[in-house]
Undergrad: 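What follows is a single structure, and I will ask about it in a moment.
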Amino acid sequence: MADEGGAKVSGGGSGGCKAVFPAESVMLPASMVLVQLFSIVLVLLSKLALNTGMQPFVLLAYRNLIGAAAVAPLAFFFERKAKKVPNLVECGWITINATFGVILAMGLYYYGLRGTNATYSVIFLNLIPIVTSLVAIALRAEKLAFTSWPGKMKLLGILACVGGTMVVTLYKGKMLRHPWPSHLLRPHTHAAATPAVHHNMVAGTLFLCGSCLGYAFWFIIQVRLAKVFPSRYWATTLTCLSGSLQAFVIGILIDHDTSAWRLKWDLKLFTVIYSGVFNTGVAFILMSWAVKRRGPIYPSMFNSLAMVATVIMDSALLGTSIFLGSILGTLLVIVGLYAFLWGKGKELQEAMAAAKNASGKEETGDCGEHVEQHRGGDELA
């Protein structure tokens, strides 16, 4: 789940390529669990803020402004010798990156979250690697080999994820009882929520599907951005600033009421600061480290934790009912996601080995570029 935040993490490592120290065997998974915790809290806070009347583009504009402020010190510290002023072509790619990553991916997700619920929306976040791979295949940036076991596992994972999503969407089933209390926060937000807005599952599902496509194209665009503007911290900072500006303009055009942009010391301000600092700043650092040490597949392996925890917390805090169909569909998505990630990880290992064998010791520097082309836009971290 790692979303969000306007950051692209590209690591040169993959499983087995770097020595893993004993402390890392504990710190790496602990850091990924912490990232998932950040994501869970963000989804619930965003849902509460949207329920209390906060406009999605207002949240986007302020969140990315805080995110830029959180990542900028990293750029000054780690990339102070790098080129800081992008040229016209680089500005164009940064703007396109912000349009797809902030306006389309995050913006549509917030609209989908407002129209559905946290449990339902998190399922679509876990479909992003599947959709990214399908878009990469459609653009011929990636191939799906049906004859190999990794290719078969990827296809099985895609089918399982699509089937699980259809089950959650089309089949409700019996309402399940749970041992934990519910409606802990709903009395405070229910009065502010509008039933016509917060229970429009059809429109919300379409927004979430559009968000998945936005994320897929965003990851693919970042591969190109990394080539023309390799300073990732500066690229992240400028992307956040560009996304914040675009969100502000679109937000003003949609709603001319300037009172919507006034923040007070309440839940809305806390959501903005939390998402910018933790889900853009801290999560970016942790996922950068994890991808560098274990490869781009590693952070996605922990996504199921967010799905399960969100189901429980959404029910306990917001009173969302749990149905048999949602449980069965979620399990299918989890199984499909891990099958897909296993196949993708094997393909990355095979590509790395093939590149090393082909280039030899004198051309090992080209290995990372070969693998980057093979995995296309699938660097979900």
Side-chain angles (χ1 to χ4, degrees), residues 1 3-7 39 41-71 94-118 120-122 124-125 128 189 192-194 196-200 203-218 221 236-264 266-281:
M1 252 174 87
D3 107 45
E4 305 177 349
S39 300
V41 175
L42 173 63
V43 171
L44 295 174
L45 283 176
S46 300
K47 178 61 177 175
L48 287 171
L50 294 171
N51 279 7
T52 56
M54 191 173 195
Q55 296 300 318
F57 280 106
V58 174
L59 178 56
L60 270 181
Y62 285 128
R63 170 189 172 170
N64 282 276
L65 193 61
I66 298 295
V71 180
I94 290 172
T95 302
I96 295 173
N97 188 45
T99 300
F100 278 89
V102 177
I103 303 302
L104 294 179
M106 297 183 194
L108 292 178
Y109 178 78
Y110 281 145
Y111 275 101
L113 176 62
R114 187 175 68 172
T116 58
N117 56 65
Y120 187 73
S121 67
V122 166
F124 286 83
L125 290 179
I128 293 173
T189 60
T194 305
V197 174
H198 297 275
H199 297 284
N200 194 342
T205 300
L206 293 177
F207 282 129
L208 292 173
C209 290
S211 174
C212 286
L213 285 174
Y215 273 114
F217 282 103
W218 182 39
I221 289 170
T236 300
T237 302
L238 295 175
T239 297
C240 287
L241 289 175
S242 177
S244 178
L245 178 61
Q246 293 181 48
F248 175 77
V249 173
I250 296 175
I252 289 293
L253 292 176
I254 292 177
D255 187 0
H256 300 287
D257 186 10
T258 57
S259 63
W261 295 88
R262 297 171 186 167
L263 295 180
K264 302 177 181 178
D266 55 9
L267 176 67
K268 298 177 184 179
L269 178 61
F270 179 74
T271 302
V272 167
I273 296 176
Y274 177 89
S275 59
V277 173
F278 290 97
N279 288 83
T280 300

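Treat the numbers as computed from the prediction; the structure is a model and nothing was measured. If you read the sequence from its start, that first residue is 1, and numbering goes on from there.
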Undergrad: Rounded to the nearest 0.5 Å, what separates atom CG in Leu60 from atom CE in Met54?
TA: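 Answer for the CG-CE pair, Leu60 versus Met54, is 9.5 Å.
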Undergrad: Just jot down the side-chain hydrogen bond (donor to acceptor under 3.5 Å, both in side chains) partners of Ser259, sequence neighbours excluded, or say none.
TA: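 With sequence neighbours excluded, Ser259 shows a side-chain hydrogen bond (donor to acceptor under 3.5 Å, both in side chains) to Asp257, given in chain and number order.
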Undergrad: If the condition is side-chain hydrogen bond (donor to acceptor under 3.5 Å, both in side chains), which residues does Ser121 pass it with, not counting sequence neighbours?
TA: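 For Ser121, the residues satisfying side-chain hydrogen bond (donor to acceptor under 3.5 Å, both in side chains) (neighbours in sequence not counted) are Tyr109.
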Undergrad: Using ring-ring contact (aromatic ring centres under 6.0 Å, His included) as the criterion, list what pairs up with Phe278, not counting sequence neighbours.
TA: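 Scan of Phe278 (ring-ring contact (aromatic ring centres under 6.0 Å, His included), adjacent residues dropped) gives Phe38, Tyr274.
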Undergrad: Using a 4.5 Å cut-off on heavy atoms from C-beta on, say whether the side chain of Arg262 contacts that of Lys268.
TA: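 Result no, sub-4.5 Å side-chain heavy-atom pair not found.
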Undergrad: Hey, could you give me the CG/OG1 distance between Leu241 and Thr95, rounded to the nearest 0.5 Å?
TA: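 If we round to the nearest 0.5 Å, Leu241:CG and Thr95:OG1 are 11.0 Å apart.
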Undergrad: Does Lys47 reach the main-chain N or O of Leu113 with its side chain, forming a donor-acceptor pair under 3.5 Å?
TA: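 Confirmed, Lys47 side chain pairs with Leu113 backbone.
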Undergrad: Please report the shortest heavy-atom distance between Leu44 and Ala118, naming the atom on each side.
TA: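 For Leu44 and Ala118, the tightest heavy-atom pair comes out as CD2-CB, 3.9 Å.
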Undergrad: Got a second to check how far Leu208's CG is from Thr116's OG1, nearest 0.5 Å?
TA: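 Taking CG in Leu208 and OG1 in Thr116, the distance rounds to 5.0 Å.
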Undergrad: Nearest 0.5 Å please: distance from the CZ atom of Arg63 over to the CG atom of Leu42.
TA: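 These two atoms lie 5.0 Å from each other.
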Undergrad: For the residue pair Trp261 and Tyr62, does the interplanar ring angle fall in the parallel (under 30°), tilted (30 to 60°) or perpendicular (over 60°) class?
TA: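 It falls in the perpendicular class, over 60°.
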Undergrad: I need the minimum non-hydrogen distance between Ser46 and Tyr110, along with the two atoms involved.
TA: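 Of all heavy-atom pairs spanning Ser46 and Tyr110, the closest is OG-CE2, 3.7 Å.
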Undergrad: Rounded to the nearest 0.5 Å, how far does CD1 of Ile94 lie from CD1 of Ile221?
TA: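 Going from CD1 on Ile221 over to CD1 on Ile94, the span is 13.0 Å.
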Undergrad: Could you pull out the closest heavy-atom pair between Met106 and Gly101, with the gap in Å?
TA: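 Of all heavy-atom pairs spanning Met106 and Gly101, the closest is CG-O, 3.3 Å.
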Undergrad: For residues Thr280 and Ser275, determine if any side-chain heavy atom of one lies less than 4.5 Å from a side-chain heavy atom of the other.
TA: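 No, too far: nothing below the 4.5 Å cut-off.
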Undergrad: As an exercise, state the distance from CG of Leu50 to OG1 of Thr271, rounded to the nearest 0.5 Å.
TA: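 It comes to 8.5 Å.
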Undergrad: Could you work out, with side-chain contact (heavy atoms from CB on, under 4.5 Å) as the rule, every residue matching Leu206, not counting sequence neighbours?
TA: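 Leu206 satisfies side-chain contact (heavy atoms from CB on, under 4.5 Å) with no residue once adjacent residues are dropped.
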Undergrad: For Ser242, check side-chain hydrogen bond (donor to acceptor under 3.5 Å, both in side chains) against everything at least two apart and list the hits.
TA: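 Partners of Ser242 under the side-chain hydrogen bond (donor to acceptor under 3.5 Å, both in side chains) test: Gln246.
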Undergrad: Where do Cys240 and Gly67 come nearest, in terms of heavy atoms and distance?
TA: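 Scanning both residues completely, I find the closest heavy atoms to be SG-C, 4.2 Å.
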Undergrad: Which pair of non-hydrogen atoms, one from Ala247 and one from Ile103, has the smallest distance, and what is that distance?
TA: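 Of all heavy-atom pairs spanning Ala247 and Ile103, the closest is N-CD1, 3.6 Å.
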Undergrad: Sequence neighbours excluded, which residues qualify as side-chain contact (heavy atoms from CB on, under 4.5 Å) partners of Ser244?
TA: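 Per chain and number, Ser244 pairs via side-chain contact (heavy atoms from CB on, under 4.5 Å) with Ala61, Asn64, Leu65.
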Undergrad: What closest approach, in Å, do Ser211 and Ala105 show between heavy atoms, and which atom pair accounts for it?
TA: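 Between these two residues, the closest heavy atoms are OG-O, 2.7 Å.
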Undergrad: Does Tyr120 have any side-chain hydrogen bond (donor to acceptor under 3.5 Å, both in side chains) partners at least two apart in sequence or in another chain, and if so, which?
TA: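 Scan of Tyr120 (side-chain hydrogen bond (donor to acceptor under 3.5 Å, both in side chains), adjacent residues dropped) gives Thr169, Thr205.
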Undergrad: How would you list, by chain and number, every residue that makes a side-chain contact (heavy atoms from CB on, under 4.5 Å) with Ile66, sequence neighbours excluded?
TA: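 Only Val272, Val277 meet the side-chain contact (heavy atoms from CB on, under 4.5 Å) criterion with Ile66.
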